[in-house]
J.: 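The structure is given below, and queries will be raised subsequently.
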Amino acid sequence: QNNLGAQGLFNFKGSQVNADSSEFKQNTNTFILKNNVRISTGKGLITCDYAEVNTQTFDFKAKGNVVATGLEAGDEIKAELVTGNIKTRVIDVGEYQGKTGSWYLLGDKIESKEDKTITGYNVKFTTCDLGDLGHEVHYYWKADKVVYNEDGSYDAHGIKTYVADVPIFYLPYLTSHLDGNDGQFKVVPGYSSDWGAFLLVSRKIK
């Protein structure tokens with residue numbers, strides 16, 4: 001075992017792997033990393049308790065208190081298992097919860113792809129800041145699939161609107177923008193001392 005401290009275990013095109021301790025298995029070309037593991041992919045950072053990284057294929061697996069943060073401040077996904085490839089920067093996330101901008105998220109799985117899209121399945125999203133999004137969320141949307149594009153736009157399929165866990169509206173498809181500035185629907189979350197937390201929703205009509 002080696003004490004790596006803050007030194008990079010290895011680098012690849014802007015990606016870097018660090019850990020407090022490591023063990024190299026030569027027969028499988030795999031580093032076993034433990035404690036304060038940090039995997040930088042150049043597009044974000046993954047921290048965890050344990051990871052395996054193949055030095056030939058650059059495939060990796062991260063487990064235990066996994067936190068993935070993006071380049072934008074406040075973007076964060078928490079999960080128990082993340083797999084992917086440092087070289088292609090294609091990453092799969094299992095069951096997760098997270099935050100991006102004003103939105104809080106829960107879902108079964110996230111897949112990033114080489115075309116820079118990110119797809120989430122069975123996504124539950126809301127602007128209600130209630131920790132792990134328990135049953136007290138005032139309202140939320142649940143989509144069968146959401147595809148997030150590099151320009152900030154997204155395409156959502158099979159969306160149900162819930163208020164206090166009661167489904168009240170269904171849309172087969174919606175395209176919009178995370179900051180509410182584009183698409184057929186405009187969704188603007190906010191907070192005021194008079195209203196408290198609020199959500200403004202409007203529909204573009206040609």
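No hydrogens, no waters, no symmetry mates; every other heavy atom, side chains included, goes into these values.
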J.: Got a second to check how far Tyr104's OH is from Lys124's NZ, nearest 0.5 Å?
T.: 14.5 Å
J.: Would you say the side chain of Tyr96 lies within less than 4.5 Å of the side chain of Val123, judging by non-hydrogen atoms?
T.: yes
J.: Answer yes or no for Lys145 and Tyr121: cation-pi contact, defined as NZ/CZ to six-membered ring centre under 6.0 Å and angle to ring axis within 45°.
T.: no
J.: Drop me the distance from Lys113's NZ to Thr88's OG1, to the nearest 0.5 angstrom.
T.: 13.0 Å
J.: If we count only N and O atoms by modelled type, under 3.5 Å, do the side chains of Asp108 and Asn122 hold a donor and an acceptor together?
T.: yes
J.: What's the spacing between Lys78 NZ and Thr47 OG1 if we round to 0.5 Å?
T.: 10.0 Å
J.: Is Phe24 close to Asn29 at the side-chain level, that is, under 4.5 Å between some pair of heavy atoms?
T.: yes
J.: Just by distance, with hydrogens left out, do Asn54 and Asp59 show a side-chain donor and acceptor under 3.5 Å apart?
T.: no
J.: Testing the basics here: between Lys61 and Thr83, what is the closest heavy-atom pair and its distance to 0.1 Å?
T.: CG-CG2, 4.1 Å
J.: How long is the straight-line distance from OG1 of Thr126 back to CG of Leu106, given to the nearest 0.5 Å?
T.: 10.0 Å
J.: Does Phe60 form a side-chain contact (heavy atoms from CB on, under 4.5 Å) with Val17? I'd like the steps, not just the answer.
T.: CA-CA 10 Å; Phe60 74 87; Val17 177; over 6 Å; no
J.: Could you tell me if the side chain of Val82 sits less than 4.5 Å from the side chain of Ile39, heavy atoms only?
T.: no
J.: What heavy-atom pair brings Ser112 and Val90 nearest, and what distance separates the two atoms?
T.: O-CG1, 3.0 Å
J.: So, using side chain to side chain donor-acceptor pair (under 3.5 Å) as the criterion, who are the partners of Thr28 when residues are at least two apart?
T.: Thr30
J.: Side-chain contact test, heavy atoms from C-beta onward, threshold under 4.5 Å: evaluate it for Phe169 versus Ile159 and give yes or no.
T.: no
J.: Should the ring pair Phe125 and Tyr154 be called parallel, tilted or perpendicular, given that the plane angle runs from 0 to 90° and is split at 30 and 60?
T.: perpendicular
J.: Minimum heavy-atom separation for Gly98 and Ile77, please, with both atom names.
T.: CA-CD1, 3.9 Å
J.: Quick check: closest heavy atoms across Val37 and Ala19, and the distance to 0.1 Å?
T.: CG2-CB, 4.1 Å
J.: Apply side chain to side chain contact (heavy atoms under 4.5 Å, CB included) to Asn149 and list each qualifying residue two or more places apart in sequence or on a separate chain.
T.: Thr117, Val147, Asp151, Ser153, Asp155
J.: Measure the CD1-OG1 distance between Ile168 and Thr161 for me, rounded to the nearest 0.5 Å.
T.: 6.0 Å
J.: If Ile, Leu, Val, Met, Phe, Trp and Tyr residues are connected whenever their side-chain heavy atoms lie under 4.5 Å apart, and connections chain through other members, are Ile46 and Ile118 in the same group?
T.: yes
J.: In Å and rounded to the nearest 0.5 Å, what is the CG to CG distance from Leu33 to Asp49?
T.: 12.0 Å
J.: For side-chain contact (heavy atoms from CB on, under 4.5 Å), just list the numbers for Thr55 and Phe31, CA-CA rounded to whole Å, side-chain angles, deciding distance to a tenth of an Å, and then say yes or no.
T.: CA-CA 7 Å; Thr55 58; Phe31 269 107; 3.5 Å; yes
